[in-house]
Amino acid sequence: MKPYPLMTHPIGLTLRTLARKSGLIGLVAPLLKSHTYEEAFSRALLDEARTGDCVWDVGANVGYYTLQLSDRVGSRGRIVAFEPSPRTFPKLDAACRAASTNITPLRYALGSKRAKLPFILSGDESGVTDQIGGDGELVQAANVVEVEVMQGDEFVRLRPELAPNVIKIDVEGFEDDVLAGLEETLGTASLRALFVEIHFGALEKRGKGQAPQSIVELFRNAGFTIAWLDHSHLVARKPA
């Protein structure tokens, strides 16, 4: 874990923007990202999950982390897998039903409010770069479908038995909206850790270049400490 003090500092965000606009980010990014970042992220996430936990996998895709977390929490634990993509969710649903009874797969996106928003299906058939847009955003793009969005806080009110102990978020630049809908949940004693991939470039394209700084401030105000696994993966934990 690393502090990376400039990651969400205005200076650091400005440097990222300049590097992206100049094309340097394509050269620098491979140097910043560890070749084993996925392994490090997986290890840290799985080490945090405990037997009996409820873990949310927000942006579950086909269930890579969902299934590993299911084994980790055991039969007394629960996994809630949120995946709005109409081409990815059937694969997730089938994998979860075949593997375990402790997983609840849901075809919802989490966001700041109840809504139906455009969802852009990328050219990548794996669906890992599919992304949700904002109100009226990118609606002219090809391969756009509409998806249901709900607040995480609303889900906890509806299903309090599935309130999370750990949350993993990978939503291609929609992470600030996901967290805006979790403000109540962030303040609960039961939630002890969040693992978030911060998509700096995608956030900037949405006109939210300062969102990474706001995300860090939101966590700190809720009593979490911040560390980075690398230059895009953030871990927020409540002190023991």
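Positions are given from 1 along the sequence.
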Undergrad: Quick one: closest heavy-atom pair of Cys96 and Leu67, and the distance?
TA: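 Scanning both residues, the minimum pair turns out to be CA-CD2, 4.3 Å.
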
Undergrad: Under 4.0 Å between a Lys/Arg side-chain N and an Asp/Glu carboxylate O for Glu161 and Arg159?
TA: yes

Undergrad: Just grab all the salt bridge (charged side-chain N to carboxylate O under 4.0 Å, His left out) pairs involving residues 178-196, residues at least two apart or on different chains.
TA: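 Sorted pair list: Glu48-Arg192, Asp53-Arg192, Arg157-Glu184.
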
Undergrad: Of all residues at least two apart in sequence or in a different chain, which pass the salt bridge (charged side-chain N to carboxylate O under 4.0 Å, His left out) check with Asp153?
TA: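 Scan of Asp153 (salt bridge (charged side-chain N to carboxylate O under 4.0 Å, His left out), adjacent residues dropped) gives none.
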
Undergrad: Using the test ring-ring contact (aromatic ring centres under 6.0 Å, His included), find all partners of Tyr65 that sit at least two apart in sequence or belong to another chain.
TA: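 ring-ring contact (aromatic ring centres under 6.0 Å, His included) check on Tyr65 returns Phe41.
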
Undergrad: Mind checking the CD-CD spacing from Glu197 to Glu175? Nearest 0.5 Å is all I need.
TA: 8.0 Å

Undergrad: Please list, chain by chain and in numerical order, all residues satisfying side chain to side chain donor-acceptor pair (under 3.5 Å) with Thr225, sequence neighbours excluded.
TA: none

Undergrad: Among residues at least two apart in sequence or on other chains, which ones pass salt bridge (charged side-chain N to carboxylate O under 4.0 Å, His left out) with Glu146?
TA: none

Undergrad: Does a side-chain N-to-carboxylate-O contact under 4.0 Å join Glu148 and Lys116?
TA: yes

Undergrad: Write out all pairs satisfying salt bridge (charged side-chain N to carboxylate O under 4.0 Å, His left out) with one or both partners inside residues 60-80, taking only residues at least two apart or from two chains.
TA: Asp47-Arg72

Undergrad: Taking side chain to side chain donor-acceptor pair (under 3.5 Å) as the test, write out the residues that go with Asn165, two or more places apart.
TA: none

Undergrad: Going by side chain to side chain donor-acceptor pair (under 3.5 Å), name the residues that satisfy it together with Gln151, two or more places apart in sequence or in a different chain.
TA: none

Undergrad: Could you note down all residue pairs passing ring-ring contact (aromatic ring centres under 6.0 Å, His included) where residues 84-117 supplies at least one of them, sequence neighbours left out?
TA: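 Passing the test, one end in residues 84-117: no pairs.
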
Undergrad: Can you list everything that forms a salt bridge (charged side-chain N to carboxylate O under 4.0 Å, His left out) with Arg50? Sequence neighbours excluded, please.
TA: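 Scan of Arg50 (salt bridge (charged side-chain N to carboxylate O under 4.0 Å, His left out), adjacent residues dropped) gives none.
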
Undergrad: Could I get the full list of side chain to side chain donor-acceptor pair (under 3.5 Å) partners for Ser70, not counting sequence neighbours?
TA: Ser100, Asn102

Undergrad: If you group Ile, Leu, Val, Met, Phe, Trp and Tyr by side-chain heavy-atom gaps below 4.5 Å, do Phe219 and Trp56 land in one group?
TA: yes

Undergrad: Restricting to non-hydrogen atoms, name the atom on Asn61 and the atom on Leu92 that form the minimum distance, rounded to 0.1 Å.
TA: O-CB, 3.3 Å

Undergrad: Could you pull out all residues at least two apart from Lys208 that satisfy salt bridge (charged side-chain N to carboxylate O under 4.0 Å, His left out)?
TA: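 Partners of Lys208 by the salt bridge (charged side-chain N to carboxylate O under 4.0 Å, His left out) criterion, ordered by chain and then number, come out as Asp176, Asp177.
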
